[in-house]
Amino acid sequence: LEFNVGIPIRGNVGLQVVRAKQNATGVAWDGVKQQAVPMSFDKSYTDTLPSLNLAAEITKTTYVRFGAAKVLARPNMEDMRAGFSASVATSGASLGQWSGSGGNPMLEPWRANALDLSVEQYLGKRSYVSAAVFQKKLKNSIYVETFDFDFSGFPNSTGVTPVSNIGRLTAPVNGEGGKIKGVELAAALDGGLITPALDGLGIIASYSD
């Protein structure tokens with residue numbers, strides 16, 4: 001895209017389609033058969049992700065950039081594992097209580113609507129400073145939750161008799177809603193701006209809040 005409304009503006013529009021199919025396999029303890037049995041979980045989803053990027057040339061060295069897009073980020077591989085570890089506490093305030101932690105093979109990715117706006121000032125061919133604001137409206141998130149879980153049938157090798165088969169399981173789960181917003185300052189400065197002796201050396205720095 002390229003047009004002029006008093007100042008030159010150029011940019012692009014895009015569309016990405018993401019199709020994901022994930023599978024996790026492992027073993028689960030069968031309390032009736034008193035043995036480990038295979039287990040498998042499948043999850044698939046499709047996302048359509050449009051995007052828009054625009055850059056306005058305020059002057060030959062000053063640009064304003066705007067971006068809007070639907071974005072996603074896949075869960076960590078370890079968060080999608082099938083299975084978890086569990087045990088009975090042998091000491092402390094939780095003596096005799098079941099607890100465990102593990103993965104969630106049914107996780108979906110982070111999803112958000114993202115907006116970005118930045119101003120960039122170029123100081124020659126190799127140097128610039130910029131300031132940006134950003135906001136992401138979360139449609140889907142991933143967080144770690146601890147919840148009640150029935151550990152009936154799980155092997156207990158601790159020698160401590162559980163006070164109950166209901167214990168606490170910690171695992172990643174999907175949540176909805178929320179916002180991430182902030183500012184970012186960045187600079188790339190060529191030493192040649194100070195003295196020719198530093199030409200080819202430089203500093204890159206950034207700060208986000």
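Note that the structure is a prediction, hence the values are computed from the model and not measured. Computed over heavy atoms, backbone and side chain alike; hydrogens, waters and symmetry mates excluded.
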For [Y], is there an ion pair with [X] - N to carboxylate O distance below 4.0 angstrom?
X      : Y      : result
Asp148 : Arg168 : yes
Asp47  : Arg111 : yes
Glu176 : Lys139 : no

Min side-chain heavy-atom separation [X]-[Y] under 4.5 Å:
X      : Y      : answer
Phe84  : Ser101 : no
Met80  : Asn104 : no
Pro109 : Tyr45  : yes
Leu115 : Phe134 : no
Val163 : Gln97  : yes
Arg74  : Val18  : no

[atom1]-[atom2] distance between [X] and [Y], expressed to the nearest 0.5 angstrom:
X      : Y      : atom1 : atom2 : value
Ile180 : Leu138 : CD1   : CG    : 4.5 Å
Ser87  : Phe154 : OG    : CZ    : 11.5 Å
Leu107 : Gln22  : CG    : CD    : 7.5 Å
Ile166 : Ser152 : CD1   : OG    : 6.0 Å
Ile9   : Arg65  : CD1   : CZ    : 12.5 Å
Lys70  : Leu49  : NZ    : CG    : 8.0 Å

Return yes if some donor-acceptor pair links the side-chain N/O of [X] with the main-chain N/O of [Y] below 3.5 Å, else return no.
X      : Y      : result
Asn156 : Val160 : yes
Asn174 : Glu108 : yes
Asn23  : Phe41  : yes

When hydrophobic residues are tied together by side-chain contacts of less than 4.5 Å, even through go-betweens, does [X] share a cluster with [Y]?
X      : Y      : answer
Leu189 : Tyr122 : no
Val71  : Ile142 : no
Val129 : Val64  : no
Leu201 : Leu123 : no

| query | Going through the distances and angles, do Asp116 and Ser118 end up as a side-chain contact (heavy atoms from CB on, under 4.5 Å)? | reply | CA-CA 7 Å; Asp116 297 271; Ser118 67; over 6 Å; no
| task | Go through Thr61 and Gln121 one step at a time and tell me if the side-chain contact (heavy atoms from CB on, under 4.5 Å) criterion holds. | result | CA-CA 6 Å; Thr61 59; Gln121 178 66 48; 3.0 Å; yes
| task | Check whether more than 12 heavy atoms from other residues, nucleotides or ligands sit under 6.0 Å from atom CD1 of Ile204, and answer yes or no. | result | no
| message | If you count every heavy atom of other residues, nucleotides or ligands that lies below 6.0 Å from Ile203 atom CD1, does the total exceed 12? | response | no
| query | Taking atom types as modelled and ignoring hydrogens, do the side chains of Thr170 and Glu145 form a donor-acceptor contact shorter than 3.5 angstrom? | reply | no
| Any donor-acceptor N or O pair under 3.5 Å, side chains Ser130, Glu120 | no
| request: Tell me whether the centres of the aromatic rings in Tyr128 and Tyr63 are closer together than 6.0 Å. | output: no
| task | Applying side-chain contact (heavy atoms from CB on, under 4.5 Å), run through Trp98 and Asn165 and close with a yes or a no. | result | CA-CA 7 Å; Trp98 278 102; Asn165 287 331; 4.1 Å; yes
| request: Please report the C-alpha distance between Leu15 and Thr48 in whole Å, then the side-chain angles of each, then the deciding distance to 0.1 Å, and finally whether the side-chain contact (heavy atoms from CB on, under 4.5 Å) criterion is met. | output: CA-CA 7 Å; Leu15 183 66; Thr48 301; 3.4 Å; yes
